[in-house]
**Q** 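Shown below is the structure under consideration.
Since this is a predicted model, take the numbers as computed values, not measurements.
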Amino acid sequence: MLGALLFGAACTAHAECEINLAVMEAPQTDEVPEATLSYLSTRLTQIATAEGVTTDPGMGQFFLAGKFSHVLEDVVPGPPAQTALHTMLTLYIGDVNSQTVYATTVLDLRGVGNSSQRAFINALRGLSARNSAVSGFIRKGKQKVADYYDAHYPQIFERAKRAAAMHNYDEALWNLASIPECCRGYG
């Protein structure tokens with residue numbers, strides 16, 4: 001019983017934890033307009049921020065990315081002709097260094113527009129922090145990243161010590177500063 005209460009307290013603490021993720025563009029297997037990928041990155045940044053995740057335009061250890069698959073497009077005749085789109089968007093939170101995926105969710109998206117790009121953008125309007133699948137995905141990913149830091153802070157300290165011993169103080173500080181406030185080893 002006490003263990004369950006302590007675990008619940010740890011999960012709550014991690015839920016309020018500020019985790020840093022790099023929003024990345026995943027390689028796409030299907031044809032996706034470039035402007036759509038830029039819009040997807042913007043939406044992912046907005047969602048992450050709404051869920052208490054800080055985003056880094058640079059490269060960090062942990063990432064948030066989305067990949068479209070099974071893109072089906074039809075041109076609907078009529079004045080004006082419209083493009084109808086049905087696609088699946090898989091969202092990922094993972095670790096760049098170990099190539100580990102911590103959380104995924106798949107969203108079924110549909111959109112209609114005057115062009116393929118507009119149909120994609122209209123389909124992405126369903127991607128928001130109010131979507132329970134998306135917010136649950138972010139919470140699960142945050143928990144996994146916090147668990148990583150809880151388990152690996154001794155190795156992070158060792159990397160920082162080695163960097164400091166070689167007078168590479170920026171790297172040493174970067175390693176120490178990477179540990180979120182809510183995790184063991186912070187401070």
**Q** Counting N and O atoms only, with roles assigned by atom type, does the side chain of Thr49 sit under 3.5 Å from a partner on the main chain of Thr45, one being a donor and the other an acceptor?
**A** yes
**Q** Looking at Glu18 and Pro180, would you say the former's side chain and the latter's main chain have a donor-acceptor pair under 3.5 Å?
**A** no
**Q** Any heavy-atom pair between the side chains of Leu85 and Val71 that's under 4.5 Å?
**A** yes
**Q** Is there a side-chain contact between Val96 and Gln61, using heavy atoms and a 4.5 Å cut-off?
**A** no
**Q** Within a strict 4.5 Å, meaning less than it, do heavy atoms of the Leu89 and Thr87 side chains meet?
**A** no
**Q** Would you name the heavy atoms of Ser135 and Ala129 that are closest together and state the gap between them?
**A** CB-O, 3.6 Å
**Q** For the residue pair Asp95 and Thr100, confirm or rule out a side-chain donor-acceptor distance under 3.5 Å.
**A** no
**Q** To the closest 0.5 Å, what do you measure between CG (Asp150) and SG (Cys182)?
**A** 7.5 Å
**Q** Once salt bridge (Lys or Arg N to Asp or Glu O under 4.0 Å) is applied, what residue pairs with a partner in residues 100-109 remain, sequence neighbours excluded?
**A** Asp108-Arg110
**Q** Would you say the side-chain atoms of Asp147 and Gln143 include a donor-acceptor pair closer than 3.5 Å?
**A** yes
**Q** Taking all heavy atoms of Ala65 and all of Ala26, pick out the closest pair and write down the distance.
**A** CB-CB, 4.1 Å
**Q** Using atom types as modelled, flag every donor-acceptor pair under 3.5 Å from a side chain in residues 120-128 to any protein atom, sequence neighbours excluded.
**A**
residue, atom, partner, partner atom, Å
Asn122, OD1, Arg125, NE, 3.2
Asn122, ND2, Val112, O, 2.6
Asn122, ND2, Arg118, O, 3.4
Ser128, OG, Arg130, N, 3.3

**Q** Measuring from Tyr39:OH to Leu44:CG, what's the distance to the nearest 0.5 Å?
**A** 11.0 Å
**Q** Excluding sequence neighbours, so at least two apart, what forms salt bridge (Lys or Arg N to Asp or Glu O under 4.0 Å) with Lys161?
**A** Glu158
**Q** Would you call Thr29 and Lys67 a side-chain contact if the rule is heavy atoms closer than 4.5 Å?
**A** yes
**Q** Measure across Ala164 and Ala172 and return the closest heavy-atom pair with its distance rounded to 0.1 Å.
**A** N-CB, 3.9 Å
**Q** Under 3.5 Å, side chain of Ser41 to main-chain N/O of Leu37, donor-acceptor pair present?
**A** yes
**Q** Under 3.5 Å, side chain of Thr54 to main-chain N/O of Ile19, donor-acceptor pair present?
**A** yes
**Q** Taking all atoms of both residues into account, what is the closest heavy-atom pair of Glu73 and Ser116, and its distance?
**A** OE1-OG, 3.0 Å
**Q** As an exercise, state the distance from CD1 of Ile156 to CH2 of Trp174, rounded to the nearest 0.5 Å.
**A** 8.5 Å
**Q** Quick one: pull up CD in Glu171 and CG in Leu176 and give me the separation to the nearest 0.5 Å.
**A** 10.5 Å
**Q** Under the ring-ring contact (aromatic ring centres under 6.0 Å, His included) definition, can you give me all pairs with a residue in residues 130-153, not counting sequence neighbours?
**A** Phe62-Tyr148, Phe62-Tyr149, Tyr148-His152, Tyr153-Phe157
**Q** Less than 3.5 Å apart, which donor and acceptor atoms pair up between the side chains of residues 75-82 and the rest of the protein, not counting sequence neighbours?
**A**
residue, atom, partner, partner atom, Å
Gln82, NE2, Asn114, OD1, 2.6

**Q** Drop me the distance from Ile47's CD1 to Thr55's OG1, to the nearest 0.5 angstrom.
**A** 11.5 Å
**Q** Of all the heavy-atom pairs spanning Ala35 and Gln117, show the shortest one and how long it is.
**A** CB-NE2, 3.3 Å
**Q** Any side-chain heavy-atom pair from Tyr102 and Val145 closer than 4.5 angstrom?
**A** yes
**Q** Is there a path of hydrophobic side-chain contacts, each under 4.5 Å between heavy atoms, that joins Val32 and Val23?
**A** yes
**Q** CG/Leu21 to CD1/Ile93 distance, rounded to the nearest 0.5 angstrom?
**A** 5.5 Å
**Q** Only counting residues at least two apart or in another chain, list the ones meeting salt bridge (Lys or Arg N to Asp or Glu O under 4.0 Å) with Asp30.
**A** none
**Q** Where is the tightest heavy-atom contact between Asn175 and Ala160, given as atom of each residue plus distance?
**A** CB-CB, 4.0 Å
**Q** Check whether any side-chain N or O of Glu51 sits under 3.5 Å from a backbone N or O of Gln46 as a donor-acceptor pair, and report yes or no.
**A** no
